[in-house]
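Quantities reported herein were computed from a predicted structural model and do not represent experimental measurements. Here is the naming used below: chain letters follow the sequence lines, and residue numbers restart at 1 for every chain.
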Amino acid sequence: MEFLIVEGIVVHELTLSAAPPFDFLSVVYSHGWYQLTPFRFNEEPVLETVVRLHSDVVTNIEMRPVDGGVKVRTGEDLSDSDQKNLQDQVSWMLDLEREFSAFYTLAEKEPKLAHVRKRAKGRLLRSPTLFEDLVKTILTTNTSWAGTKRMVSALVDLYGEPAGGTGSEQMKEGGVRKTFPTPQRLAKTSEKELREKARLGYRSPYIYQLAEKVDKGELDLEALKQNQLPVDELYKFLRAIKGVGGYAAAYLLLLLGMYDRIPVDSWAKKLVSVEWYDGEPVGEKHVLERFETWGEWKALAFWLWDWDYMHTLEN
DNA sequence: GGTAGACCTGGACGC
DNA sequence: GCGTCCAGGTCTACC
């Protein structure tokens with residue numbers, strides 16, 4: 001790890017390489033996660049978040065693109081063990097080690113996916129922990145995107161832990177940023193509190209029970225990062241979590257790098273409806289049928305498809 | 001296995 | 001400003 005002085009403040013940096021091809025912005029813009037706190041993004045481009053390291057150090061980090069990878073900056077002088085942990089967390093968030101050559105070879109034959117290799121599409125931005133991604137996914141269901149942002153912000157504001165140290169951005173802006181709350185912290189709340197303070201509505205028991213199970217050791221979500229389960233078993237495992245239905249489970253599989261199931265929500269139906277059915281209402285089976293031939297890559301093909309409907313929104 | 005209704009919130013709309 | 005309606009997935013009960 002190198003140190004340098006930025007605007008009079010000592011910061012520490014490390015550089016990580018990615019499996020080629022890699023495009024920082026393609027990962028950031030892969031889905032809406034970069035808009036959900038504690039992620040914060042500016043067009044410089046810098047992606048920030050707040051992470052908790054092995055030694056329980058909580059620090060704000062900044063991620064910037066460099067040739068073939070990413071540079072990570074923190075205000076903390078980290079131990080060797082924490083540096084390694086930080087590398088692992090950033091590598092997970094940006095999915096640096098995954099490569100997509102098999103998918104790119106297939107995609108070259110489909111004009112609607114012709115852009116994917118050139119723009120190094122495929123990696124999806126992930127939170128440092130699967131718990132954070134799972135809670136955020138539940139908070140996307142049956143609500144507007146504005147509602148999701150509001151609920152996630154409320155959890156971070158109310159129960160997140162402030163970043164310590166002298167993170168450069170914190171010093172610049174004078175504000176202390178917070179982590180996404182741990183399961184242990186949320187397990188100390190109650191369904192009532194999550195409903196009334198964080199305004200999670202009927203999702204409150206789902207989030208509370210999830211936090212409680214992880215806190216008690218009944219559910220080891222982080223082990224799924226090294227998952228060896230067949231995709232169908234993993235899907236069943238996720239579906240068994242209260243609040244995780246078909247859409248949410250498929251979305252989580254997509255984040256985990258398993259592309260066998262398409263997360264079909266009302267937006268997916270809208271896209272398929274306009275693309276192939278003249279805007280007539282379609283059901284889930286129509287969405288699935290259209291991507292069946294993509295086999296183990298079907299969710300990624302769906303996710304990266306160059307949708308006509310999106311162009312109508314741009315015009 | 002399929003389906004209806006309830007869940008909760010915020011935004012849009014009409015008055 | 002207030003009331004009503006609607007959109008958004010998942011759960012439970014029921015067939």
Side-chain angles (χ1 to χ4, degrees), chain A residues 31-33 35-37 124 127 130-159 180-181 183 186 189-214 218-219 221 224 231-256 258-275 277 279-292 298-299 302-303 307 309-310 312-313:
Chain A
H31 61 143
W33 256 214
Q35 299 175 13
L36 296 179
T37 186
L124 271 81
S127 303
L130 203 56
F131 175 73
E132 183 175 333
D133 275 344
L134 183 41
V135 171
K136 285 176 174 174
T137 299
I138 291 174
L139 297 183
T140 64
T141 59
N142 204 27
T143 187
S144 63
W145 183 242
T148 300
K149 290 202 280 189
R150 177 189 56 75
M151 289 185 275
V152 171
S153 292
L155 287 179
V156 172
D157 288 345
L158 289 165
Y159 310 114
F180 191 83
L186 290 184
T189 65
S190 64
E191 293 180 11
K192 185 169 183 283
E193 182 177 337
L194 292 178
R195 187 185 296 267
E196 293 177 359
K197 283 193 178 176
R199 302 193 66 74
L200 303 190
Y202 69 89
R203 302 168 195 81
S204 303
Y206 302 157
I207 303 302
Y208 179 72
Q209 286 164 26
L210 174 63
E212 217 178 14
K213 281 190 174 177
V214 176
E218 294 170 11
L219 195 59
L221 291 176
L224 296 181
V231 65
D232 287 345
E233 281 187 41
L234 186 52
Y235 180 78
K236 279 185 198 163
F237 177 88
L238 293 168
R239 285 295 309 266
I241 297 170
K242 281 282 167 58
V244 177
Y247 162 79
Y251 200 89
L252 287 161
L253 287 179
L254 184 60
L255 289 180
L256 285 166
M258 304 179 86
Y259 311 115
D260 303 64
R261 288 176 184 262
I262 298 174
V264 180
D265 58 2
S266 55
W267 180 246
K269 291 173 191 168
K270 174 79 174 174
L271 292 171
V272 168
S273 159
V274 172
E275 189 85 1
Y277 297 92
E280 290 296 310
V282 302
E284 180 169 351
K285 74 180 181 105
H286 296 93
V287 179
L288 301 182
E289 280 169 9
R290 283 290 165 179
F291 289 90
E292 193 53 43
K298 60 173 78 78
F302 161 80
W303 201 255
W307 298 99
Y309 182 61
M310 303 297 278
T312 65
L313 293 178

Rounded to the nearest angstrom, tell me the gap between atom [atom1] in [X] and atom [atom2] in [N].
X: A:Lys192; N: B:dC8; atom1: NZ; atom2: P; value: 14 Å
X: A:Lys270; N: C:dG8; atom1: NZ; atom2: C1'; value: 15 Å
X: A:Lys149; N: B:dG11; atom1: NZ; atom2: P; value: 11 Å
X: A:Leu134; N: C:dT10; atom1: CG; atom2: C1'; value: 14 Å
X: A:Trp145; N: B:dG11; atom1: CH2; atom2: C1'; value: 17 Å
X: A:Tyr235; N: C:dT10; atom1: OH; atom2: P; value: 8 Å
X: A:Ile138; N: B:dT9; atom1: CD1; atom2: P; value: 17 Å
X: A:Glu284; N: B:dG1; atom1: CD; atom2: P; value: 15 Å

Test log, rule side-chain contact (heavy atoms from CB on, under 4.5 Å), inputs A:Trp267 and A:Tyr309 | CA-CA 11 Å; A:Trp267 180 246; A:Tyr309 182 61; 3.5 Å; yes
Select base, sugar-phosphate, or nothing to describe what [X] touches, counting heavy atoms under 4.0 Å on all strands.
X: A:Ile241; answer: sugar-phosphate
X: A:Ala146; answer: nothing
X: A:Gly243; answer: sugar-phosphate

Which nucleotide in [options] has an atom nearest any side-chain atom of [X]:
X: A:Tyr202; options: B:dC7, C:dG8, B:dT9; answer: B:dC7
X: A:Arg239; options: C:dC11, B:dG10, C:dT10; answer: C:dC11
X: A:Thr141; options: C:dT10, C:dG8, B:dT9; answer: C:dT10
X: A:Thr143; options: C:dG9, B:dC8, C:dG8; answer: C:dG8
X: A:Asn142; options: C:dT10, B:dG10, B:dC7; answer: B:dC7
X: A:Arg195; options: B:dG10, B:dC8, C:dC11; answer: B:dC8

Please state whether the phosphate of B:dC8, meaning OP1 or OP2, lies under 4.0 angstrom from any side-chain nitrogen or oxygen of A:Arg199.
-> no
OP1 or OP2 of C:dG9 less than 4.0 angstrom from a side-chain nitrogen or oxygen of A:Ser266, does that happen here?
-> yes
NZ/A:Lys197: more than 12 non-hydrogen atoms of other groups inside 6.0 Å | no
Closer to the 5' end of DNA chain C via nearest nucleotide, is it A:Tyr206 or A:Arg203?
-> A:Arg203
Charged N to carboxylate O under 4.0 angstrom, A:Lys192 versus A:Glu196?
-> yes
Salt bridge or not for A:Arg261 and A:Asp232, using N-O below 4.0 Å?
-> yes
With under 30° as parallel and over 60° as perpendicular, where do the rings of A:Tyr247 and A:Tyr251 fit, or are they tilted in between?
-> tilted
